[in-house]
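FYI, side chains are in, hydrogens and waters are out, and symmetry mates aren't considered; it's all heavy atoms of this structure.
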Amino acid sequence: DTGVSQDPRHKITKRGQNVTFRCDPISEHNRLYWYRQTLGQGPEFLTYFQNEAQLEKSRLLSDRFSAERPKGSFSTLEIQRTEQGDSAMYLCASRGTSGPYNEQFFGPGTRLTVL
Amino acid sequence: SQKIEQNSEALNIQEGKTATLTCNYTNYSPAYLQWYRQDPGRGPVFLLLIRENEKEKRKERLKVTFDTTLKQSLFHITASQPADSATYLCALRDSGTYKYIFGTGTRLKVLA
């Protein structure tokens, strides 16, 4: 069990460019979440996958954001036509089906800076 | 409107004292509430979960209470240490959805 990993850890891009982030959850976890976190705020829910199915997506998420989990393992989050307001830490978390605590295991995050 | 609030001001306490952090929520009916710790530049780490039918939960130096009438959870760290310095987040699951809602977090600093 190597934990949740995210790649890249840092991304600097120019406004208008597209970016894609990857998340590799803990291998036996079938539930995967994406969050966005800005300075001084808690994580803000973006989307949820159970296996390969995207079961919930935040209404705050614009059409520029899309996420996939094609084989129910790793997931990608793409932001098209980035804006300066997209600058944030993007966190991925996974959760299994067993255990009493429903806890999410977070990755280290991808810090996005849009110039 | 729905909201979950934590004291956004940093809490500074002396080593050895008990730190108490507050989480209040409005217009949610969570079946449980979670507490996480977050260090700078890292993802949150789960600490404790307390269910709506539980008044108190303990784990080592940590204690969480849950009052569904007051719609409040209190998180205590006893015999605090400088290594406890971090941001502490409370979270609940919005009923009928898969969405988890996090508070803004309270930054705790334990002074040696």
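- If you measure heavy-atom distances from B:R51 to chain A, the contacts under 4.5 Å come from the side chain alone.
- Residue contact with chain B, scored on non-hydrogen atoms closer than 4.5 Å, involves the side chain of A:Q50 exclusively.
- Contacts between A:P43 and chain B at a heavy-atom distance below 4.5 Å involve backbone atoms as well as side-chain atoms.
- A donor-acceptor pair under 3.5 Å links the side-chain atoms of A:E56 to the main chain of B:Y98, judged by distance alone.
- Note: A:L55 leads A:L91, A:L55, A:T47 in heavy-atom pairs under 4.5 Å with chain B.
- You'll find the side chain of A:F45 stays beyond 4.5 Å of the side chain of B:I101, heavy atoms only.
- Interface residue A:R9: only side-chain heavy atoms are found under 4.5 Å from chain B.
- Neither the backbone nor the side chain of B:T87 comes within contact range of chain A; no heavy atoms are under 4.5 Å apart.
- Contact annotation for B:Q6: neither backbone nor side-chain heavy atoms come within less than 4.5 Å of a heavy atom of chain A.
- In this structure, CG on B:L89 lies 6.5 Å from CD on A:Q37, to the nearest 0.5 angstrom.
- Side-chain contact of B:Q34 with A:Q104: a donor-acceptor pair under 3.5 Å is absent, judged by distance alone.
- The distance from atom CZ of B:R42 to atom CZ of A:F106, rounded to the nearest 0.5 Å, is 14.5 Å.
- Taking 4.5 Å as the limit, some side-chain heavy atom of B:Y100 sits within range of a side-chain heavy atom of A:R95.
- Looking at A:F105, neither its backbone nor its side chain comes within 4.5 Å of chain B, counting heavy atoms on both sides.
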